Amino acid sequence: MKKYDFSKIEKKFTQTWREKRTHEPDWNAPVRKKFYNLMMFPYPSAEGLHVGNMYAFTGTDIYGRFRRMRGYDVFEPIGLDGFGIHSENYALKVGTHPAKQAEVSEKRFYKQLEAVGNGFAWDERLETYDPAYYRWTQWLFTEMWRRGLAYRKKQLVNWCPSCKTVLADEQVEGGRCERCKTEVIKKDLEQWFFRITKYADKLLRNIETIDWSEKVKIAQRNWIGKSEGALVKFKISNSDSYLEVFTTRPDTLFGATYLVVSPEHDAISNFQFPISNKEEVEKYVKEAKKKSDADRVENKEKTGIELKGIKVINPANNEEIPIFVADYVLSGYGTGAIMAVPAHDERDFEFAKKFKLPIVDVISGGEAGVLYEGDGALINSGAFDGIDSEEAKWKITEFVGGKRHTQFRLRDWLISRQRYWGPPIPMIYCASCAELKKGEQKEMPGWYAVPEKELPVVLPIVKNFRPEGTGQSPLASVEEFYKTQCPACGGDARRETDVSDTFLDSAWYYIGYLQKIFNFQFSISNELMKERMRAWLPVDMYIGGAEHSVLHLLYVRFVAMALHDAGYLEFEEPFPKFRAHGLLIKDGAKMSKSKGNVINPDDYVKNFGADAFRTYLMFLAPFEYGGDFREQGMLGITRFLDRVWKMGMESKFADEKETDKKLETVVHQTIKKVTDDIESLQYNTAISAMMILLNEFEKKEAIPREYFKTLLLLLAPFAPFLTEELWQDLFMEKDGNFHSIHHAPWPAYDSKKLEKDSFVIAIQVNGKVRDEMEITKTMTREEIEKRARVLPRIEKFLDGKDPKRVIYVPGRLLNLVL
RNA sequence: GCCGAGGUGGCGAAAUUGGCAGACGCACUAGCUUUAGGAGCUAGCACCGAAAGGUAUGCGGGUUCAAAUCCCGCCCUCGGCACCA
């Protein structure tokens with residue numbers, strides 16, 4: 001028998017599929033049943049494709065192949081998210097230019113991606129560093145500018161001292177850089193932002209309409225962080241000024257015994273008030289600002305200092321209360337000032353204890369003097385005593401002249417980066433226009449978007465692309481780049497030298513694949529493009545990692561909403577269905593370079609074949625759960641595939657379709673099981689169902705040809721090469737035409753054939769299994785009970801008595817209760 | 001601290017959602033075969049027990065004829081958020 005020579009067969013079909021465009025949609029035919037199957041594209045920063053990528057792609061590809069066989073016109077594109085700090089850092093590390101490195105990585109990645117047998121639409125692949133692509137990334141930026149969604153502002157921002165650039169809030173984890181884990185510090189810098197907060201409410205509300213993995217939806221809800229509360233003004237004693245606070249508990253206003261402002265608050269920096277301990281306060285503020293977020297996260301000990309010489313009036317009870325500055329109040333949230341109610345807020349309680357401030361209970365339900373954060377009837381609250389807290393919230397707000405306010409945690413997306421390897425932000429600053437228009441234009445005078453016909457602003461190839469850490473991009477020292485003319489007055493002007501965040505590149509790439517069909521000639525405002533987008537968008541199935549819950553997946557939704565409101569897209573949600581795959585680990589531990597337990601996918605493809613590797617990855621555990629890769633386990637899959645191969649090669653098929661009802665039932669059950677399991681991404685149990693079927697086949701001398709054909713079809717999405725070879729060999733005419741198994745129709749099951757005529761049920765006495773019995777479909781309950789009672793092992797337990805109760809679960813068990 | 005997922009043989013995991021716990025696979029044991037290799041085939045494989053039988057799904061209670069699954073109270077692991085007023 002010919003052994004299965006996977007490397008030869010894989011090579012053959014990789015080529016054939018590419019030539020025959022097996023996995024490309026027919027762009028010229030009218031779209032009937034489209035299916036846009038998308039996986040998060042990789043960033044080719046490290047030493048080739050990571051096995052985690054392989055895991056994600058295989059799982060997505062199986063789904064796409066399944067849909068194709070079910071008659072869908074599947075579009076499954078692939079590309080590289082090659083712009084960005086990942087790739088740039090890698091180039092710096094190995095001492096090459098990122099553009100050079102990109103060429104190398106590109107070849108390597110595409111080769112690897114093809115080698116595992118993914119059914120990609122290769123003609124539409126794209127790379128984010130391709131000027132034809134980033135022309136539209138830049139266009140997107142200018143469109144945001146035109147729509148008032150891009151702006152420049154000086155404020156405290158996150159700065160990574162190692163990456164030497166600013167970062168968006170989403171890219172800081174626990175006070176550390178998401179990428180390099182360095183402690184992030186705060187800097188007061190003028191930067192570009194996207195007004196994502198304008199869509200906070202929509203981003204939140206739409207979550208209810210999309211079919212996504214629940215944990216990702218929750219992560220987004222938390223990140224957006226909607227709070228309903230009130231803005232309340234506290235009058236400063238002997239002054240006409242006020243301090244305004246945001247609170248979600250206006251019902252506790254009578255218990256506000258002091259007020260706290262953040263170190264960055266205007267009340268301090270302006271010093272318009274007669275603060276008597278000014279030096280002390282300044283010193284505290286300076287210290288507090290030095291603290292990194294990482295410090296704050298690790299050390300939550302309350303610190304602060306009173307602003308002496310000024311007081312505010314609690315508007316509820318007209319009592320004079322002190323003001324403190326403390327870094328437990330954040331400047332970026334609400335008004336940067338809070339009313340402190342120590343009796344009913346944990347943080348205020350801690351602070352009050354430490355600084356010996358009065359604690360006044362105003363909500364009943366807890367013990368006196370003990371922290372209580374729940375609801376209850378009001379006490380010590382004047383005319384509001386006895387009212388329930390929920391009701392009191394708005395009554396008290398009204399009473400003190402406050403107003404209801406919805407506060408979001410989400411902040412605007414900081415989009416500029418002081419790095420080299422990204423799309424230059426397509427903006428121009430004209431100093432003379434700025435001077436001229438001073439006062440006339442309120443915001444950002446002198447700034448202009450690069451006109452569309454001048455896009456792309458090409459990233460120049462420069463030798464020194466290393467970030468300087470000066471707060472400016474390396475492009476700021478490239479005169480030929482930044483010197484330009486003002487689009488308005490024609491005078492000397494300066495280009496923006498920062499590049500945009502990598503996440504902008506990936507915020508629209510699902511549209512980019514459709515533009516690639518036209519070689520990026522058209523904007524999404526073009527009619528031809530609109531037609532194509534109508535036909536193919538939104539994406540039908542999106543699969544990727546949960547680590548992008550509040551990064552990519554939030555940005556991409558925001559950009560789609562903006563484009564929708566601009567009239568370019570018909571939908572607000574680009575990914576109505578998203579599934580997060582699990583994490584692949586090795587021998588029970590996370591893979592990491594330092595542990596040296598990183599799996600190199602190439603080795604496995606080479607040693608075991610792509611089919612075995614794919615199938616094994618999917619067999620480990622449910623796809624959405626993750627998997628524990630143990631090399632030994634590969635053998636089980638290799639055996640399984642070898643046995644399928646052997647059965648095909650030996651071709652001992654029954655001449656006529658024998659009427660083995662039991663085997664027929666198993667075949668139909670397997671079709672149903674595999675179909676349902678693939679649909680719900682439970683590939684592991686789909687594979688085990690096919691193993692069971694093969695085990696049944698092997699028990700027979702010969703099986704009908706059709707049954708084997710069914711097994712091949714079911715297996716095709718998992719093992720595309722082996723099944724193709726056997727398919728061509730056994731089931732296709734050698735007529736010169738190529739009919740791929742991957743275009744063959746998916747097997748159908750007959751629901752009438754799912755049930756066996758006879759089966760075994762359990763016989764229980766008092767809920768414990770004592771025996772089992774074979775019954776037929778036609779037997780009545782009485783008959784079964786009668787037979788069961790005379791089974792020797794059951795008789796023994798009955799001991800001549802009649803059971804008190806008999807419970808019969810059809811097809812499962814009979815329980816005799818004594 | 002909050003949110004989420006989870007805890008089942010030596011291991012990865014199944015269990016039609018309340019109905020025979022451990023499917024499928026790995027590892028292991030015995031036997032056969034052998035072109036002696038990390039090959040193939042057959043059988044066995046939760047635990048205690050000679051058997052009858054008993055005990056088992058993190059721990060402790062409860063509901064039920066019947067609980068891995070439902071309820072109450074704990075413990076542990078992993079992931080996310082983290083002073084958001």
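Values below: every heavy atom of this structure, side chains too, minus hydrogens, waters and symmetry copies. Only a predicted model underlies this, so the values are computations on that prediction, with no experimental measurement involved. Below, read A as the first sequence line, B as the second, and so on, with proteins coming before strands; counting in each chain starts at 1.
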A correct dot-bracket answer for RNA chain B, with pairs being Watson-Crick or G-U at under 3.5 Å, [ ] for crossing pairs and | for inter-strand pairs, is (((((((..(((......[....))).(((((.......))))).(((....)))..(((((..]....))))))))))))....
Could you check whether any side-chain N or O of A:Q220 sits under 3.5 Å from a backbone N or O of A:S549, counting only pairs where one atom can act as donor and the other as acceptor? yes
Who passes side chain to side chain contact (heavy atoms under 4.5 Å, CB included) against A:K302, sequence neighbours left out? A:Y328, A:R347, A:E350, A:F351
For A:E228, check side-chain hydrogen bond (donor to acceptor under 3.5 Å, both in side chains) against everything at least two apart and list the hits. A:T406
Toward the 5' end of RNA chain B, by each residue's nearest nucleotide, A:A219 or A:T248: A:A219
Expressed as a whole number of Å, how far does the C1' atom of B:rG10 sit from that of B:rC47? 13 Å
Partner set under ring-ring contact (aromatic ring centres under 6.0 Å, His included) for A:F623, not counting sequence neighbours: A:Y55, A:H581, A:Y683
Suppose we screen for side-chain hydrogen bond (donor to acceptor under 3.5 Å, both in side chains). Which residues come up paired with A:E782, at least two apart in sequence or across chains? none
Does anything in residues 325-337 of chain A form a salt bridge (charged side-chain N to carboxylate O under 4.0 Å, His left out)? List the pairs, not counting sequence neighbours. A:K291-A:D327
Lys/Arg N to Asp/Glu carboxylate O, A:E173 vs A:K181, below 4.0 Å: yes
How would you list all residue pairs meeting salt bridge (charged side-chain N to carboxylate O under 4.0 Å, His left out) that involve residues 619-628 of chain A, not counting sequence neighbours? A:D628-A:R630
Could you work out the separation of B:rA23 and B:rC11 based on their P atoms and round it to a whole Å? 15 Å
Please determine, for the side chain of A:V769, which listed nucleotide (B:rC24, B:rC20, B:rG53) has the closest atom? B:rC20
Write down the protein N/O and nucleotide N/O pairs, taken from nucleotides 34-45 of chain B, whose separation is under 3.5 Å; answer none if there are no such pairs.
| residue | atom | partner | partner atom | Å |
| --- | --- | --- | --- | --- |
| B:rG40 | OP1 | A:R639 | NE | 3.2 |

I want to verify the glycosidic state of B:rG4; is it syn or anti under the 90° rule? anti
Report the residues that fulfil side-chain hydrogen bond (donor to acceptor under 3.5 Å, both in side chains) with A:E208, sequence neighbours left out, ordered by chain and then residue number. A:R221
Base, sugar-phosphate alone, or nothing: which one does A:L813 contact when heavy atoms must sit under 4.0 Å apart? base
Just to confirm, is there a sub-4.0 Å distance from OP1 or OP2 of B:rC83 to any side-chain nitrogen or oxygen of A:R409? no
Can you give me the N/O atom pairs linking the protein to nucleotides 2-13 of chain B at distances under 3.5 Å, or say none if there are none?
| residue | atom | partner | partner atom | Å |
| --- | --- | --- | --- | --- |
| B:rG12 | O2' | A:L620 | O | 3.0 |

Considering only nitrogen or oxygen atoms on both sides, find all protein atoms under 3.5 Å from nucleotides 62-65 of chain B and state each distance.
| residue | atom | partner | partner atom | Å |
| --- | --- | --- | --- | --- |
| B:rC65 | OP1 | A:R805 | NH1 | 3.0 |
| B:rC65 | O2' | A:N815 | ND2 | 3.4 |
| B:rC65 | O2 | A:N815 | ND2 | 2.5 |

Among residues at least two apart in sequence or on other chains, which ones pass side chain to side chain contact (heavy atoms under 4.5 Å, CB included) with A:R787? A:M773, A:M779, A:E783
As a test of reading the structure: which of B:rC81, B:rA85, B:rU55 is closest to the side chain of A:K768, going by heavy atoms? B:rU55
B:rU17: syn or anti, with syn meaning chi within 90° of zero? syn
A:R579 to A:W212, cation-pi by 6.0 Å centre distance and 45° axis angle: no
